[in-house]
Amino acid sequence: MTGLIRKKRDGIALSREEIKYMVEGFTAGDIPDYQMSAFCMAVIFNGMTDEETVALTEEIAHSGEMLDLSCFSSLSVDKHSTGGVGDKTSLIVGPIVASCGGVFAKMSGRGLGHTGGTVDKLEAIAGYRTSLEKDEFFSQAQRIGIALIGQTGNLTPADKKLYALRDVTDTVDSIPLIVSSIMSKKLAAGAKNIVLDVKCGSGAFMKDIESARTLAQKMVDIGRACGRNMSAVISDMDVPLGFAIGNSLEVKEAIALLKGADIPDLRRICLALSAELIAMIREVSVEEAYKIAETALDSGAALAKMKEWISAQGGDVSLIDDTDKFPKASVVYELRCEKDGYIAHMNAELIGRAACDLGAGRKTKADNIDHSAGIVLCKKTGDFVKQGEMIAIFHTSDKVKLEDAKNIFMQSLEFSEENRVDNALILDIIR
Ligand code: URA
């Protein structure tokens with residue numbers, strides 16, 4: 001392995017055989033974490049060629065079982081977000097698309113760095129089983145069109161190990177590592193139709209539109225070459241999505257949207273992602289598919305589907321009927337603004353980190369999540385705030401964590417005297 005690390009350190013491309021050797025050795029435990037993290041750090045600096053990225057993706061995909069969803073004919077759908085702050089879209093897109101005939105048989109990840117993960121959010125629902133036997137997963141998806149579980153050890157075990165290692169060695173934000181991590185899981189998870197939500201901005205791994213486009217295009221190309229219908233929505237992550245950040249707070253917000261709450265950015269992105277998938281399974285235009293998705297959301301069909309889904313996986317459905325029943329954090333702190341002004345910019349990564357500090361995320365692999373912890377924004381970019389007005393509400397179980405979180409949050413804000421904000425949400429769509 002040292003030879004391969006040296007090659008990558010010196011900017012020389014690895015062959016498919018070398019990549020296969022490395023992925024197999026790491027999965028089997030023959031290549032230790034410290035060597036693999038050195039390799040990942042060399043990739044951060046020197047990148048990978050397209051051939052290396054394809055080889056890495058395929059080797060990670062084949063490191064475990066490859067699911068066969070062909071029993072759902074061409075109706076199987078999957079979505080993936082490259083990770084953002086306040087991103088609860090799977091909880092909404094899943095029920096919308098399932099209520100429109102899609103089969104959302106999906107495996108989701110946990111939080112990574114300052115970004116949240118769907119599995120952590122679902123575990124905020126008492127009783128929800130994030131792991132199902134294969135037979136139950138398939139039969140539930142067949143019966144109600146939706147089943148959502150955590151990644152099993154049988155699928156892409158190489159990514160499971162690598163993802164956890166990258167999280168704690170600051171080697172997440174590299175295009176080839178992200179492409180191979182996401183697309184290996186998507187290929188192994190077997191869906192015919194895949195939409196990617198590529199986040200761009202201060203809260204995303206891709207900070208600028210050019211790298212977001214490169215990432216999106218590479219993932220679309222790899223998926224298509226492997227016989228999948230693909231599209232990628234590039235969306236703004238310069239400001240958190242919706243108002244809630246943190247696991248149960250986000251589940252509550254997703255339920256609120258399904259019940260008709262007015263959360264414009266969250267609604268728009270969920271409908272756009274749903275429309276891409278509905279257009280693929282129904283073979284209609286994306287415009288027509290958008291209207292179908294809107295009807296599913298506004299008629300309550302998607303909410304009914306969410307209840308069916310949560311109940312099928314053992315979750316307490318009464319929490320959906322009355323979201324006040326979710327366990328609450330013992331410390332609730334109202335952060336007030338010290339001066340008048342427009343919010344010119346919010347650094348979403350810092351806000352994600354502040355939420356993480358309150359207990360909503362992990363700092364090491366072994367950390368436990370506090371499901372009730374997080375932040376609810378009262379103001380967002382472009383809003384005017386008066387001195388003394390509430391800007392955010394912090395939720396935590398540990399008062400000591402407030403001070404750091406407040407400081408990080410305040411650092412995330414930039415004020416101006418006039419409103420100069422252009423709040424474009426969908427930056428591009430790659431089909
Ligand atoms: N999401 C993933 O699944 N993998 C990454 O590397 C980054 C985001």
Side-chain angles (χ1 to χ4, degrees), residues 23 26 36-37 39-44 47-48 52-54 56-61 63-64 67 78-90 93 106-122 130 148-153 155-191 194-207 211-212 214-216 218-220 222-223 228 230 232-235 237 241 273 348-349 352-353 356 361-362 365:
V23 173
F26 181 60
M36 202 60 195
S37 32
F39 178 80
C40 290
M41 193 54 87
V43 174
I44 291 275
M48 283 184 135
E52 285 179 292
T53 309
V54 169
L56 184 62
T57 307
E58 289 177 348
E59 291 307 327
I60 296 176
S63 66
L67 266 193
D78 199 352
K79 85 160 261 290
H80 191 93
S81 158
T82 55
V85 179
D87 181 4
K88 65 282 290 174
T89 51
S90 288
V93 173
K106 178 171 164 52
M107 303 203 180
S108 282
R110 296 195 177 274
L112 184 66
H114 63 279
T115 68
T118 304
V119 170
D120 293 328
K121 299 184 214 290
L122 285 167
T130 53
L148 205 155
I149 57 174
Q151 268 181 63
T152 71
L155 246 70
T156 58
D159 179 65
K160 205 170 182 212
K161 279 185 86 177
L162 201 51
Y163 193 95
L165 186 66
R166 286 167 57 218
D167 189 20
V168 292
T169 54
D170 240 324
T171 50
V172 171
D173 46 357
S174 142
I175 287 185
L177 295 181
I178 297 177
V179 167
S180 55
S181 165
I182 294 175
M183 288 313 294
S184 61
K185 289 192 284 261
K186 297 298 104 182
L187 297 181
I194 301 170
V195 67
L196 304 167
D197 184 4
V198 177
K199 303 287 189 193
C200 172
S202 60
F205 298 121
M206 298 299 109
K207 306 287 181 208
S211 34
T214 308
L215 176 69
K218 281 193 194 302
M219 293 197 289
V220 165
I222 288 187
R228 313 300 164 95
M230 297 292 306
V233 175
I234 302 180
S235 66
M237 187 33 74
L241 191 57
L273 293 166
E349 175 170 350
R353 280 214 238 140
C356 206
R362 295 181 189 80
K365 278 203 260 186

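Just so you know, these numbers come straight off a predicted model, no measurement behind them. As the structure lists them, so they are numbered: ligands from 1, and atoms in each ligand from 1.
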So the atoms of ligand 1 within less than 4.0 Å of a heavy atom of Lys185 turn out to be 2 (C), 3 (O), 4 (N)
Do we see a donor-acceptor contact under 3.5 Å between the side chains of Asp87 and Ser81? yes
Met183 vs Lys218 side-chain heavy atoms within contact, under 4.5 Å: no
Look only at interatomic distance and state if Ser81 has a nitrogen or oxygen under 3.5 Å from any nitrogen or oxygen of ligand 1. no
Close side-chain approach of Thr169 and Cys40, heavy atoms under 4.5 Å: no
Hey, does the side chain of Lys106 reach the backbone of Lys79 with a donor-acceptor pair shorter than 3.5 angstrom? yes
Ligand 1 versus Asp159: contacting region, heavy-atom distance under 4.0 Å: neither
Report, in ascending order of atom number, the atoms of ligand 1 lying under 4.0 Å from any heavy atom of Thr82. 8 (C)
Under a 3.5 Å cutoff, is there a donor and acceptor pairing between the side chains of Thr156 and Lys160? no
Is there any N or O on Ser181 that sits under 3.5 Å from an N or O of ligand 1? yes
Judged on heavy-atom distance to atom 6 (O) of ligand 1, which of Lys186, Lys199, Arg166 sits nearest? Arg166
For the residue pair Leu155 and Lys185, establish whether any side-chain heavy-atom pair is separated by less than 4.5 Å. no
Per-atom contacts of ligand 1 with His80, taking only distances under 4.0 Å to non-hydrogen atoms: 1 (N), 2 (C), 3 (O)
